[in-house]
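Below is one structure, written out as structure tokens; comments come after it.
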Amino acid sequence: MSTPSPDALAELRYQLLDWYDAHARVLPWRVPPLEGKGGKRPDPYHVWLSEIMLQQTGVMTVKPYFTAFLKRFPTVQDLAAAPLDEILGLWAGLGYYARARNLHEGAKAIAALGGFPMGEAGLRSIKGIGPYTAAAVAAIAFDLPHVPVDGNIERVLSRLWLIQAALPAAKPIFREAASRFEHPHRPGDFAQAMMDLGATICTPRNPICGLCPWSKVCKAYEKGCANDYPKKQPKKLKPVRYGVAFVVLGPDGLLVRRRLNEGLLGGMLEVPNLAWRDTPYETDACVLQGFDPRADWISCDSVRHVFTHFDLRMQVLAVRLSEISNLEGYHRLAPEAVSQAALPSLMQKIIASGLKALNLL
DNA sequence: CACCCGTGGAG
DNA sequence: TCTCCAAGGGT
């Protein structure tokens, strides 16, 4: 791609900002563009929280979580003072749970500093804030001249200038391309305008080029090949893994335990389950877990769950016991508390399958 | 750099 | 059913 002239870049900026003034999405963590032009800035805590939640996660999914978080933790100090388990409980279902653990750690660091770092470098020092989020918070919350580069912006730029390099290896090329737009005039609105354009007009499939403020200069539109961009490296196929989970209901509730604070579903609750492996389990599953095979085990609907890098098939066995002997590391969770507990979606599915088989759903 | 890390919706 | 993917970051 040839380097656009400063005048051409300035023209693009004005066209996009005009479009944004008229078509900006209304979002709970956002200050409308006209208020922004009046000098009003969004709360850095709101911007930070929303950016973390939005990492690899859709706006529609995030909205209810964002609202619930802000209601329970109105300030970053409230978040810093909260127990991790409560944060994980509110995060349950959103996925990528390291974000929640890092959020808690970040809140404590920010509270200790007495407030948010107001520069990109300071933001970068906080766990969970990478190059994208640092630039986004700096631009949106503090109106500093940065152009964050997310998936939306990569897609928009790849089409606008027909960038051939394949992602994710080409990230540095896109950063360089985006930095050409860096300018002190309304950097926060410009960043959000790029993301709105990518999310609502310049969509991954079937972009609505007829409504795009840049259609007259977009190379991909000119060639009619917008759907072919951005170029991406082929992904690996996911292996299938197998496990067996046990829904054990006693008089005081379900057997659950806490996973380690690292790795897959780190810090979240789980029901007893056998180690996941690449071949299915056949028989004697309850013996393998240390349970009494003579109990009235019910074979439940199996659960399929797709993780980022593998596909999981879980066999589910359920039993109702009049008493449960003490099991090392496990505690009881009342069925009424399941919906608010720090249980990831996989475990919610497993428990639902078990309770249904026990005629409790 | 390659891999790990969730989930639900859209087409 | 299947594929793609959404405001990425940590290691």
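Letters go in sequence order (proteins before strands), and every chain restarts at 1. Note: hydrogens, waters and symmetry copies are ignored here, and every other heavy atom, side chains too, is used.
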* Minimum heavy-atom separation for I351(A) to L343(A), with atom names? -> CD1-CD1, 3.7 Å
* Structure fact -> Nearest heavy-atom contact between L70(A) and Y45(A) is CD1-CE2, 3.6 Å
Quick one: which of [options] gets closest to the side chain of [X]?
X       : options                  : result
H305(A) : dT7(B), dC5(B), dA6(C)   : dT7(B)
N102(A) : dA10(B), dT7(B), dG10(C) : dG10(C)
K235(A) : dC4(C), dC4(B), dA6(C)   : dC4(C)
F307(A) : dC3(B), dT7(B), dA6(C)   : dT7(B)
Y97(A)  : dC3(B), dC5(C), dG6(B)   : dG6(B)
Y96(A)  : dC3(B), dG10(C), dG6(B)  : dG6(B)
L346(A) : dT7(B), dG6(B), dC5(C)   : dT7(B)

* Asked: Counting only side-chain N and O atoms of R101(A), is one of them less than 4.0 Å from OP1 or OP2 of dG10(C)?
  -> no
* Asked: Is the phosphate of dC4(B), meaning OP1 or OP2, less than 4.0 Å from a side-chain N or O of H309(A)?
  -> no
Mind checking if [X] touches a base, just sugar-phosphate, or nothing, with heavy atoms under 4.0 Å?
X       : answer
G266(A) : nothing
R304(A) : nothing
W91(A)  : nothing
L27(A)  : base

Whole-Å distance separating the [atom1] atom of [X] from the [atom2] atom of [N]:
X       : N      : atom1 : atom2 : result
M347(A) : dG6(B) : CE    : P     : 12 Å
L343(A) : dT7(B) : CG    : C1'   : 15 Å
K349(A) : dT7(B) : NZ    : P     : 8 Å
W276(A) : dG6(B) : CH2   : P     : 9 Å
F310(A) : dC3(B) : CZ    : P     : 16 Å
M194(A) : dA6(C) : CE    : P     : 15 Å
D311(A) : dC2(C) : CG    : C1'   : 11 Å
L237(A) : dC3(B) : CG    : P     : 12 Å

* **Distance under 6.0 Å and angle within 45° of ring axis: R277(A) vs Y281(A)** => yes
* Has R180(A) got its NZ or CZ under 6.0 Å from the middle of the six-membered ring of W161(A), at an angle within 45 degrees of the ring axis? -> yes
* Hey, what's the ring geometry for W297(A) with F291(A), parallel, tilted or perpendicular (30° and 60° as the breaks)? -> tilted
* To do: Answer yes or no: is there an ion pair linking K171(A) with E154(A), defined by an N-O contact shorter than 4.0 Å?
  => yes
* On DNA chain B, nearest-nucleotide positions of T308(A) versus A169(A): which is more 5'? -> A169(A)
* Starting at the 5' end of DNA chain B and moving along, which residue's nearest nucleotide shows up first, K238(A) or N206(A)? -> K238(A)
* Asked: Among side-chain atoms of Q164(A) and Y229(A), is any donor-acceptor pair under 3.5 angstrom?
  -> yes
* Structure fact -> Under a 4.0 Å heavy-atom cutoff, the residues of residues 120-136 of chain A touching DNA chain C are K127(A), G128(A), I129(A), G130(A), P131(A), Y132(A), T133(A)
* V47(A) reachable from V31(A) in the ILVMFWY side-chain graph, under 4.5 Å edges -> no
* Structure fact -> Taken to the nearest 0.5 Å, the spacing of F190(A) CZ from M195(A) CE works out to 10.5 Å
* Structure fact -> Ordered by number, residues from residues 45-68 of chain A within less than 4.0 Å of DNA chain B (heavy atoms) are Q56(A), T57(A)
* Could you measure between the two P atoms, the one in dG6(B) and the one in dT11(C), and give it in whole Å? => 14 Å
* **Close side-chain approach of P28(A) and H46(A), heavy atoms under 4.5 Å** => no
* Asked: Hey, does R175(A) have a side-chain heavy atom less than 4.5 Å from the side chain of I153(A)?
  -> no
